[in-house]
Amino acid sequence: CSLNLNLSFESVSGIHIDLEYSGEPCGHKIERIRQVLKGNGAKGLLISALDEIAWVLNMRGTDVHCNPVFVSYLLITSVSATLYIHPDKLTAETRRYLTENQIQVKDYFHVAKDLEEYKEENLQLSGSTNYALYQAASRHSKVLLHDSPVLYMKAIKNETEIAGFHQSSQLVMKMAL
């Protein structure tokens, strides 16, 4: 049995979406995540779920067929945020967006090395993070296994997201008629 996810490292991906559609700047989301981490006794969080990364950064991609996500990892610490992605996938506009939001960009394949060198205390990972990254992270810091706070933040929709759902459902109803 083979699984073809169409994980392309060559197409452009990681397009940011405007605030008028997301309703909350990525910087606010990252600060809310940092507050949760503080409550959990963690200094950092590695997000490996692609939909969570897309939500936090207000970005969408085309790496996985029929899913608006892009292959990446996102490391949020108490003082920085780093997106690990194949650098050629980002447009100049998206790079500018990330820079404006103080998000560093590093090559996708550097995440394990950076986790091995992570020296802050208590890095939070979700149970779905792969074992190789868990091992790399636990080399110099204590790993806390918790559900990702993003999972719960995504579940509570802001007014803009709710309005978007209403608008899209009305469109679907009109198309059905």
Side-chain angles (χ1 to χ4, degrees), residues 5 7-10 12-17 22 24-61 63-64 69-156:
L5 294 177
L7 299 179
S8 166
F9 285 103
E10 292 159 24
V12 172
S13 194
I15 308 299
H16 80 277
I17 57 172
S22 67
E24 182 180 13
C26 68
H28 289 175
K29 293 176 183 180
I30 290 170
E31 283 307 314
R32 289 196 307 145
I33 291 167
R34 287 180 175 138
Q35 291 303 313
V36 173
L37 293 178
K38 207 181 282 186
N40 290 346
K43 298 281 186 179
L45 168 70
L46 179 70
I47 303 173
S48 58
L50 303 183
D51 62 312
E52 293 181 9
I53 296 167
W55 181 84
V56 169
L57 297 179
N58 295 331
M59 292 173 56
R60 300 298 179 261
D63 289 349
V64 180
V69 296
F70 46 96
V71 176
S72 60
Y73 292 101
L74 179 62
L75 178 63
I76 298 173
T77 71
S78 56
V79 295
S80 67
T82 305
L83 176 65
Y84 294 89
I85 188 169
H86 196 283
D88 296 339
K89 297 182 86 47
L90 300 174
T91 64
E93 180 185 354
T94 302
R95 284 182 175 281
R96 204 169 22 262
Y97 166 79
L98 292 167
T99 301
E100 289 169 2
N101 286 283
Q102 288 100 36
I103 298 162
Q104 300 171 42
V105 175
K106 289 192 174 183
D107 190 281
Y108 178 84
F109 296 105
H110 292 168
V111 67
K113 178 181 156 286
D114 285 359
L115 289 176
E116 285 178 0
E117 296 171 358
Y118 182 83
K119 300 272 197 268
E120 286 192 59
E121 297 175 31
N122 301 345
L123 179 65
Q124 182 173 322
L125 302 176
S126 74
S128 63
T129 303
N130 73 56
Y131 188 66
L133 294 181
Y134 172 85
Q135 283 186 307
S138 59
R139 187 169 197 167
H140 292 291
S141 64
K142 181 179 178 187
V143 172
L144 305 174
L145 290 175
H146 289 287
D147 288 339
S148 169
V150 179
L151 181 67
Y152 301 105
M153 291 175 168
K154 273 182 38 173
I156 301 171

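Remember, predicted model here, so these are calculated numbers, not experimental data.
- Taking CD1 of I103 as the reference point, atom CG of L57 lies at 4.5 Å (rounded to 0.5 Å).
- Here Y73 pairs with Y108 under the ring pair (Phe, Tyr, Trp, His ring centres under 6.0 Å) rule; sequence neighbours left out.
- A heavy-atom distance below 4.5 Å is not found between the side chains of H146 and L45.
- Here the straight-line distance linking atom CD1 of I17 with atom OH of Y97 works out to 7.5 Å at 0.5 Å rounding.
- A pairwise comparison of heavy atoms in A137 and S141 identifies O-OG, 3.0 Å as the closest pair.
- In this structure, the side chains of V36 and Q124 stay at 4.5 Å or more apart for every pair of heavy atoms.
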Could you please spell out the steps behind the side chain to side chain contact (heavy atoms under 4.5 Å, CB included) verdict for I53 and L83? CA-CA 9 Å; I53 296 167; L83 176 65; 4.0 Å; yes

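- Two residues are said to be in side-chain contact when any heavy atoms from C-beta on lie closer than 4.5 Å; I33 and E52 fail this criterion.
- You'll find the side chain of P87 reaches within 4.5 Å of the side chain of R95, heavy atoms only.
- Taking the ring pair (Phe, Tyr, Trp, His ring centres under 6.0 Å) definition, one finds that Y118 meets it with nothing, sequence neighbours left out.
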Are V111 and L46 close enough, and set up right, to give a side chain to side chain contact (heavy atoms under 4.5 Å, CB included), and what steps lead you there? CA-CA 10 Å; V111 67; L46 179 70; 4.1 Å; yes

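- Taking both residues in full, the closest heavy atoms of V56 and K29 are given as O-CD, 3.5 Å, listed atom of the first, atom of the second, then distance.
- Distance CZ/R32 to NE2/H28: 10.0 Å, rounded to 0.5 Å.
- To the nearest 0.5 Å, atom CG of residue L144 and atom CD of residue E121 are 10.0 Å apart.
- Of the possible donor and acceptor atoms, none in the side chain of R34 sits under 3.5 Å from a partner among the backbone N and O of I76.
- A salt bridge links R139 to E116: at least one charged side-chain nitrogen sits closer than 4.0 Å to a carboxylate oxygen.
- Residues Q102 and I30 fail the side-chain proximity criterion, which asks for heavy atoms closer than 4.5 Å.
- Summarising the geometry of L90 relative to V105, their closest heavy-atom pair is CD1-CG1, 3.8 Å, with the distance given to 0.1 Å.
- Remark: side-chain polar atoms of N130 are paired, donor with acceptor, to backbone N or O of A132 under 3.5 angstrom.
- In terms of heavy-atom proximity, A112 sits nearest to A136 at O-CB, 3.5 Å.
- For S138 (side chain) and Q135 (main-chain N/O), a donor-acceptor pair under 3.5 Å exists by modelled atom type.
- Of the inter-residue distances, the one linking K89 atom NZ with I15 atom CD1 reads 10.0 Å to the nearest 0.5 angstrom.
- The side-chain heavy atoms of Y84 and D114, taken from C-beta on, include a pair separated by under 4.5 Å.
- Taken from OG1 in T77 to CG in L123, the straight-line distance is 9.5 Å, to the nearest 0.5 Å.
- Here D51 pairs with K154 under the side-chain hydrogen bond (donor to acceptor under 3.5 Å, both in side chains) rule; sequence neighbours left out.
- Residues T129 and V143 are not in side-chain contact: their nearest non-hydrogen atoms beyond the backbone lie 4.5 Å or more apart.
- Counting only heavy atoms from C-beta outward, the side chains of L50 and D63 never approach each other to under 4.5 Å.
- Between the side chain of S72 and the main chain of F70, a donor-acceptor pair closer than 3.5 Å is present.
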